[in-house]
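Following: one structure in structure tokens, then a few remarks.
Both backbone and side-chain heavy atoms feed into the values below; hydrogens, waters and symmetry mates do not. Indexing begins at 1, ligand by ligand and atom by atom, following the structure's order. Remember, it's a predicted structure, so these values are computed and weren't measured experimentally. When a residue number appears, it is its place in the shown sequence, counting from 1.
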Amino acid sequence: MTTRCAIVTGAASGIGLSIAQGLAAEGHDVVIGDLNEENGRDAAEQIGGSFVKVDLSEREACRNLVSAAAERYGKIDILINNGGFQYVSPLEDFPEDTWDTMLRVMLTAPFLLTRYVWPHLKRQRWGRIVNIASIHGLIASPNKVGYISAKHGLLGLTKTAALEGGGFGITVNALCPAYVRTPLVEGQIAAQAKTHKIAAEQVIEEIMLKPAAIKKIIEPDEIADLVLFLCSDRGRSVTGSCWTVDCGWTAQ
Ligand SMILES: NC(=O)c1ccc[n+]([C@@H]2O[C@H](COP(=O)([O-])OP(=O)(O)OC[C@H]3O[C@@H](n4cnc5c(N)ncnc54)[C@H](O)[C@@H]3O)[C@@H](O)[C@H]2O)c1
């Protein structure tokens with residue numbers, strides 16, 4: 001098997017960490033780019049990869065992440081745009097600075113990183129980009145305007161890049177998960193329990209999983225498995241697609 005060099009953003013935690021572990025377990029060189037230095041370094045050490053501290057809201061930091069990976073491994077084959085965060089507030093109170101940061105981290109950074117890795121992928125006529133969007137890239141919910149706008153935009157970036165990469169052996173796909181068991185979601189469960197004055201289990205069963213056909217929270221390795229498929233040669237004909245992993249949430 002060919003050893004690939006993969007950049008995974010936001011891999012100090014949650015879904016990104018699981019993807020980084022999966023890619024490393026398949027023998028690939030993994031570069032974790034994250035704001036959280038302590039967890040990022042620990043994760044890189046655990047998987048035998050590298051860590052680059054990056055604030056995805058900053059253009060120069062994105063550029064530096066790609067050049068550091070290319071310098072360390074001599075090539076880049078795979079980019080996983082995963083880093084992100086949630087902020088909940090009614091639209092009329094939504095802080096303008098938070099809106100700016102959300103779009104920079106979850107839409108502009110994936111664009112910039114795609115742009116910066118593009119010449120590497122194009123030159124070798126092989127590349128894989130997977131964007132971790134959300135079911136909130138496809139549908140909306142109230143009070144998450146920054147997140148939902150960024151994730152809808154990310155699907156547009158995915159499809160455009162797929163069309164431009166097709167002739168160069170580059171595939172670009174997005175994943176649209178519902179609730180995945182990570183610190184991001186644990187925070188949402190705790191916040192909802194406080195707001196509604198109910199137990200965490202009630203939040204999960206009565207609020208979060210209400211629209212889902214399969215009543216379960218998704219595990220991070222389920223997302224990682226799909227990413228591994230898309231990054232392998234088995235996924236060579238899959239591009240421009242937005243895969244829902246949502247327990248049937250958006251089927252209705
Ligand atoms: N957990 C879910 O239910 C769920 C569902 C759908 C989509 N997603 C998406 O999956 C991705 C990962 O989410 P998660 O649940 O694993 O969250 P998480 O909070 O566990 O991990 C997110 C990681 O992103 C990093 N990050 C945040 N802002 C950053 C910045 N400015 N620069 C660099 N790194 C930054 C954090 O440090 C953290 O390590 C996000 O894009 C999220 O929108 C999550």
Q.
With clusters defined by side-chain heavy atoms of hydrophobic residues (ILVMFWY) lying less than 4.5 Å apart, directly or transitively, does Ile132 cluster with Val180?
A.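 Yes.
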Q: Find out whether His28 and Glu26 are in side-chain contact, i.e. whether some heavy atom of one side chain is under 4.5 Å from a heavy atom of the other.
A: yes
Q: Find out whether Arg123 and Lys75 are in side-chain contact, i.e. whether some heavy atom of one side chain is under 4.5 Å from a heavy atom of the other.
A: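 Answer no - side chains too far apart.
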For the student: nearest non-hydrogen atoms of [X] and [Y], plus distance:
X      : Y      : answer
Ile78  : Arg4   : CD1-CB, 3.8 Å
Asn173 : Thr158 : C-CG2, 3.5 Å
Phe51  : Asp34  : CZ-O, 3.5 Å
Cys231 : Val130 : SG-CG2, 4.1 Å

Q: Could you tell me if any non-hydrogen atom of Arg181 lies under 4.0 Å from any atom of ligand 1?
A: no
Q.
I'd like to know if Gly40 contacts ligand 1, where contact means a heavy-atom distance under 4.0 Å to any ligand atom.
A. no
Atoms in ligand 1 with a heavy atom of [X] nearer than 4.0 Å:
X      : value
Ala12  : 39 (O)
Gly14  : 16 (O), 20 (O)
Tyr147 : 6 (C), 7 (C), 8 (N), 9 (C), 42 (C), 43 (O)
Ala133 : 6 (C), 7 (C), 8 (N), 9 (C)
Gly83  : 24 (O), 41 (O)
Ile132 : 9 (C), 10 (O), 41 (O)

Q: Kindly determine whether Arg41 and Glu37 satisfy salt bridge (charged side-chain N to carboxylate O under 4.0 Å, His left out), including the steps that lead there.
A: CA-CA 6 Å; Arg41 284 199 190 284; Glu37 194 162 2; 3.1 Å; yes
Q | NZ/Lys215: more than 12 non-hydrogen atoms of other groups inside 6.0 Å | A |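 Yes, NZ of Lys215 has more than 12 neighbouring heavy atoms, counting only those of other groups under 6.0 Å.
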Q.
Would you say NZ of Lys122 has more than 12 non-hydrogen atoms from neighbouring residues, nucleotides or ligands within 6.0 angstrom?
A. no
Q. When you measure from the side chain of Asn143 to the backbone N and O of Val88, does any donor-acceptor pair fall under 3.5 Å?
A.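 Checking the backbone N and O of Val88 against the side chain of Asn143, no donor-acceptor pair under 3.5 Å is found.
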To which protein heavy atom is [atom] closest, and what is the distance rounded to 0.1 Å?
atom                    : answer
atom 6 (C) of ligand 1  : Pro177 O, 3.3 Å
atom 18 (P) of ligand 1 : Ser13 OG, 3.6 Å
atom 14 (P) of ligand 1 : Thr182 OG1, 3.6 Å
atom 33 (C) of ligand 1 : Val54 O, 3.1 Å
atom 19 (O) of ligand 1 : Leu184 CB, 3.7 Å
atom 34 (N) of ligand 1 : Leu35 N, 3.3 Å
atom 40 (C) of ligand 1 : Asn82 O, 3.1 Å
atom 23 (C) of ligand 1 : Gly10 O, 3.5 Å

Q. Which option, Val180, Asn36, Asp34, Ile15, owns the non-hydrogen atom nearest atom 38 (C) of ligand 1?
A. Asp34
Q: Can you figure out which of Pro183, Ala109, Gly84 has its heavy atom closest to atom 26 (N) of ligand 1?
A: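 Closest candidate by heavy-atom distance is Gly84.
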Below 4.0 Å, non-hydrogen atoms only: which portion of [X] touches ligand 1? Side chain, backbone, both or neither.
X      : answer
Val185 : side chain
Ala178 : backbone
His136 : neither
Val105 : side chain

Q) Are any of the N or O atoms of Leu56 closer than 3.5 Å to those of ligand 1? A) yes
Q. Would one find an N or O of Tyr179, backbone or side chain, under 3.5 Å from an N or O of ligand 1?
A.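 By distance alone, the answer is no.
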Q: Measure the CE-CZ distance between Met102 and Phe94 for me, rounded to the nearest 0.5 Å.
A: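 Between Met102 CE and Phe94 CZ, I get 5.0 Å after rounding to 0.5 Å.
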Q.
So, taking the atom named NZ in Lys53 and the one named CG in Asn36, what distance separates them when rounded to the nearest 0.5 Å?
A. 9.0 Å
Q. Is the ring centre of Trp249 less than 6.0 Å from the ring centre of Tyr179?
A. yes
